[in-house]
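Single-structure report; data block below.
Chain A is the first sequence line, chain B the second, and so forth, proteins listed ahead of strands; every chain is numbered from 1.
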Protein chains: 2
Amino acid sequence: MPKLGMEPIRRDALIKAAIIELGQVGSLDVTVARIAKRAGMSSALAYHYFGSKEHMFLAAMRHVLSVYGAEVRGALAVGETPQARIRALVRVSFTGSNFRRDVVAAWLNFYVMAQRNDQAERLLRLYQARLRSNLRHALRPLVGGRAASLADGAAAMIDGVYLHEALGTGEPDGARAARAVETWLDAAISGKAP
Amino acid sequence: MPKLGMEPIRRDALIKAAIIELGQVGSLDVTVARIAKRAGMSSALAYHYFGSKEHMFLAAMRHVLSVYGAEVRGALAVGETPQARIRALVRVSFTGSNFRRDVVAAWLNFYVMAQRNDQAERLLRLYQARLRSNLRHALRPLVGGRAASLADGAAAMIDGVYLHEALGTGEPDGARAARAVETWLDAAISGKAP
DNA sequence: CATTTTGTTGATTGACCAGTCAATAAACAA
DNA sequence: TTGTTTATTGACTGGTCAATCAACAAAATG
C-alpha cells in the first residue's frame with residue numbers, strides 16, 4: 001500500500017533508527033537489516049534510498065552534527081555578553097538531544113568511523129573547527145591572546161566529558177557536566193596562566 | 001618445525017598485532033585471520049591460544065592498560081612533591097608507548113567495545129577509577145576539598161586531548177598535549193573556583 | 001484507459017568470517 | 001622405543017551479511 005512522498009519520511013526514519021542502533025549495539029553488530037526493521041521497512045528499501053550502509057551512517061552523522069550546529073547557532077544568537085555566549089556554547093553541548101545516551105554513544109562510533117572514512121573525518125573535523133572558532137571568538141573579549149589556547153582546552157574538556165558519559169552507567173546529568181566545564185573555564189579566565 | 005615454549009611468544013605477538021590492526025583498520029574490519037597473519041601464524045593458532053576473537057581483544061586491552069599502569073606507578077614513585085606527582089601523572093599519559101597513534105586509536109576502539117562487553121567495561125572503569133584516585137591524592141595537599149572535582153576535570157581533559165589526538169592528522173605531540181593539561185591545572189589550582 | 005513514476009519487498013547471490021577439527025611433526029618422558 | 005605433550009596448519013562448516021534484482025502495487029499523468 002504505497003503512499004507518495006514517502007522518501008523524506010523513510011530517510012528520516014532510517015537515520016534515526018541508525019543512531020539508536022549505533023548507540024545500543026555498537027558499529028560492530030549493526031546491520032542494515034536491523035536498522036531497516038527498527039525503521040519499519042525491509043532492508044531492500046534502505047538500500048533503495050541510501051545505496052550503501054556507509055552512506056546511511058554518513059547521513060546519520062550529518063544529521064547529528066546539523067542538529068548540534070542548529071542548537072549552537074540558536075544559543076549564540078540569544079547570548080548578549082561574551083560570558084553568556086560562552087555559557088551557551090558549553091551548555092548546548094550537554095543539553096537536549098545532544099546529551100542523550102544513544103547520541104553520545106553514536107558520536108563515539110562516529111569517531112571510530114572517522115579513522116578510516118575520509119568523508120566522516122572531514123565532517124568531524126569541520127565540527128571541531130567550528131566549535132573552536134566559536135569558543136575563540138567568545139573568549140577573545142575576555143582573555144585576549146589566551147583565547148586560542150583556552151578554546152582548545154575547553155573543546156578538549158567538552159569532548160572528554162562526553163567520552164566519559166559514553167561509558168557511564170548512571171543517567172546522564174547534563175547540568176553537572178556543564179558545571180564541570182564552566183568551573184574550569186571560570187578558573188582559567190580569572191587565572192594567570194599564559 | 002615446532003619449538004617448545006612458544007606460547008608466551010605467540011600470545012605476545014598476537015596481542016601486539018591486534019593493537020596495531022585495531023589502530024589501523026578499526027574494529028569493524030579487524031579479522032582474526034588478519035591479526036594472525038600480521039603476527040606470522042595461521043588463524044587456527046590464534047584460536048588455539050585465545051579461544052575467541054573477543055578474548056584476544058580483551059587481552060590486548062589488558063596489555064595496554066597494564067603498560068600504562070606500570071608507567072604511572074613508576075612516575076609516581078619518582079615524584080617527591082605533590083606538584084611533581086601531578087606533573088608525572090599528566091606527562092605519563094602523553095609520553096612513550098601510550099601516545100603512539102596506534103595505541104590511541106586502539107583506546108578509542110576499546111571505548112566502543114566497552115559499551116557492549118561487560119569485561120571490557122569493567123576494565124576501562126577500573127583504569128578510570130585508578131587515574132582519578134591518583135589525581136585526587138596528589139591534588140589534596142594542594143587544594144584540599146576541591147581535589148575531587150579538580151581530579152575529575154583533569155581526567156576528562158586527559159581523555160579529551162587523547163580523543164582529539166586519535167582524530168588528528170599531524171604527528172602526535174605529547175609535550176604540547178601535556179602542557180595544555182598542565183596549563184589548565186595550574187590555573188585551576190591557583191584559581192578560586194569551588 | 002494506458003503509461004510512467006514512485007514505493008515496496010521476497011528471494012537470492014556471492015563473499016567473508018568466526019570457530020572447529022583432524023592430521024602432522026618436533027620435543028620430551030618412560 | 002613408545003607414548004605423551006606441545007606446536008602448528010590446511011581444509012572445512014555454518015552462518016551472516018551487504019548488495020542486487022525481478023516483480024508487484026498504488027498513485028499520477030496523458
Looking at dT8(C), dA18(C), dT9(D), which one has an atom nearest to any side-chain atom of Ser42(B)?
dT9(D)

Could you tell me the separation between the CE atom of Met6(B) and the P atom of dT9(D), rounded to a whole number of Å?
9 Å

Of the nucleotides dG10(D), dG10(C), dT8(C), which one has an atom closest to the side chain of Ala44(B)?
dG10(D)

Whole-Å distance separating the NE2 atom of His48(B) from the P atom of dT20(C):
13 Å

Separation of atom NZ in Lys37(B) from atom C1' in dG10(D), rounded to whole Å
16 Å

Tightest non-hydrogen contact, residues Met41(A) and Ala13(A), listed as CE-CB, 4.4 Å

Closest non-hydrogen contact found for Arg132(B) with Ala151(B) is O-CB, 3.9 Å

Check the distance between dG15(D)'s C1' and Asp29(A)'s CG and give it to me in whole angstrom.
14 Å

May I ask you to evaluate whether Tyr47(B) reaches the phosphate of dT9(D), defined as a side-chain N or O under 4.0 Å from OP1 or OP2?
no

Rounding to a whole Å, what distance do you find between Ile35(A):CD1 and dA19(D):P?
11 Å

Length of the CG-P vector between Leu45(B) and dT24(C), whole Å:
18 Å

I'd like to know whether the aromatic ring centres of Trp107(B) and Tyr127(B) sit less than 6.0 Å apart in this structure.
yes

Looking only at heavy atoms, the pair that brings Ser52(A) and Tyr47(A) closest together is CA-CE2, 4.0 Å

In whole angstrom, give the distance that lies between atom CD of Glu7(B) and atom P of dT6(D).
9 Å

Atom CE of Met41(A) and atom P of dT9(C) are separated, to the nearest Å, by 8 Å

Mind listing the closest non-hydrogen atom pair of Ala138(B) and Leu89(B) along with its distance?
CB-CD1, 4.4 Å

Which nucleotide in dA18(C), dA7(D), dA19(D) has an atom nearest any side-chain atom of Tyr49(B)
dA7(D)

Looking at dT9(C), dA7(D), dA19(D), which one has an atom nearest to any side-chain atom of Ser52(A)?
dA19(D)

When the nearest nucleotide of DNA chain D is assigned to Thr31(A) and to Arg10(B) on a heavy-atom basis, which residue is associated with the more 5' position?
Arg10(B)

